[in-house]
Structures are given as C-alpha cells and as structure tokens.
Amino acid sequence: IDWTAVAIVSATILGQILSVWSSEILQHRKEARDRREWVFRSLMTTRSSRLHPDHVAALNHIDFAFPQKSYPKIADAWGLYYAHLYSPQGTTQESLDRWTEAGYNLLVELLHQMANVLNIPFSKTSIQKSAYYPQGYAFTEQQQNELRSLVLEVLKGDRPISIRPVIDTPPEQRKIS
C-alpha cells in the first residue's frame, strides 16, 4: 500500500467535508447574529411606538433570537418586561403614566443588555433619550383612540347619534361673497 496516495486521497476527501461543514457552521452563526440584530434594530426603531406591529413581532422573537441558556441577562430583562406588560395599568391617568414609565425603563434595560451582547456601544441614556416620535404621530394616535372609543360607545348603545334637520339652500340661491 502506498501510504502517500492514501494520505492524499484522505486529505482531499476530508478537506472537502471539513470545508462544507465549517461553511455551514459559519452560515448558521451569521443567521443567528442577523436574527439578534433584527430584534434589536426593530425594538430600537419602534421604542417610541410600542404598539407598532414590528415592535410586537420583535418582542415575540426574543426567546428565539436570545435563548435563555446562552443569554441569561437578556432573558431576565425580558422576563421582567414581559411580566410588567401583563400587570394592571391602573384606573387613573396618574397610575397609567407610572405604569408607562416603568415599562419604558424596563424596555431600556432590555435594549441595553442586547446592545452589550451585540457589542453595540449604546448607553442607557442614549437608548432612552435619542428616540424621535413626532408630535403629529402622538396627536393622530390620540385622535384615533378617541374616535374608536366614541364609535364603540355608539355601537354598544351607550351614546346616541344626534340627528338634526337642516334646510339646505340650492346652489343657485346661495350668496357668493
């Protein structure tokens, strides 16, 4: 037996197998990192609009992208935030404001833990203070909530729709000033 030939054939075959195997490992790691970055980016870009569907989708991917066994600090921060989201909001505006602020602080902690894992240099202050949410968005959101509330009151029969007769003047009889 020519051991040199056996070694060459073995190295050729083994080299091909190891090449494919290492390529797949690298691809798997890249996909996992991409998932973690997507969750972080989505939560960062929607942190001022926590009812946005992308924000909710990213929250629902945390357990998948940051498994508890590998990322216990993130799992702990997520667990606290998750528990808070299901806690009572209160019945007054003041209690709702406190609940909202506490939730935002828990979200900031979660994002800070994710940034640390991803080696993205964000301080808690920059996460908390650098979000832009135009007043127009807040105004529109408030109007939509009020409109939904009023429509629900009408549909439930709690609020009547007032109808008043109005005499309309035909266009040709209207005065043009």
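Because the structure is predicted, anything quoted here is derived from the model rather than measured. Values reported hereafter were calculated over all heavy atoms of this structure, with side chains retained and with hydrogens, waters and symmetry mates removed.
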Residue of the set R29, E31, K30 for which side chain to side chain donor-acceptor pair (under 3.5 Å) holds with Q27: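 Among R29, E31, K30, the one meeting side chain to side chain donor-acceptor pair (under 3.5 Å) with Q27 is E31.
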Reported [atom1]-to-[atom2] distance for the pair [X] and [Y], which is rounded to 0.5 angstrom:
X	Y	atom1	atom2	value
E141	S49	CD	OG	5.5 Å
L96	E94	CG	CD	11.0 Å
L118	R36	CG	CZ	6.5 Å
D76	L110	CG	CG	10.5 Å
H84	N105	NE2	CG	9.0 Å
I74	E109	CD1	CD	10.5 Å

Between D97 and Q93, do the side chains contain a donor N or O and an acceptor N or O under 3.5 Å apart? yes
Nearest non-hydrogen partners of [X] and [Y], listed with the distance:
X	Y	answer
G90	S95	CA-OG, 3.2 Å
V39	A65	CG2-CB, 3.8 Å
S126	F122	OG-CD2, 3.4 Å
R50	G103	NH1-C, 3.5 Å
A77	Q113	CB-CG, 4.3 Å
I127	Y104	O-OH, 3.7 Å

For residues [X] and [Y]: do they belong to one hydrophobic cluster (side chain heavy atoms under 4.5 Å, members Ile, Leu, Val, Met, Phe, Trp, Tyr)?
X	Y	result
Y86	L107	yes
I120	L43	yes
Y137	M44	no
I62	L80	yes
V56	F64	no

Can you confirm whether [X] is buried at [atom1], in the sense that more than 12 heavy atoms of other residues, nucleotides or ligands lie under 6.0 Å from that atom?
X	atom1	result
E37	CD	yes
Q143	CD	yes
E146	CD	yes
L51	CG	no

Evaluate the side-chain hydrogen bond (donor to acceptor under 3.5 Å, both in side chains) criterion for residues H55 and T46: first the C-alpha distance (whole Å), next the side-chain angles of each, then the deciding distance (0.1 Å), finally the verdict. CA-CA 6 Å; H55 189 84; T46 59; 2.7 Å; yes
Knowing that exactly one of W38, F40, Y71, W78 qualifies, which makes a ring-ring contact (aromatic ring centres under 6.0 Å, His included) with F66?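 Between F66 and the candidates, ring-ring contact (aromatic ring centres under 6.0 Å, His included) is satisfied uniquely by Y71.
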A side-chain contact here means heavy atoms from C-beta on lying under 4.5 Å apart; do [X] and [Y] qualify?
X	Y	value
V117	K73	no
S10	V6	yes
Y81	L59	yes

Where the side chain of S19 meets the backbone of G15, is there a donor-acceptor pair that is under 3.5 Å apart?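 Such a contact is absent between S19 side chain and G15 backbone.
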Check for a donor-acceptor pair, side chain of T140 on one end and backbone N or O of G136 on the other, with a separation under 3.5 Å.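 It does hold such a pair.
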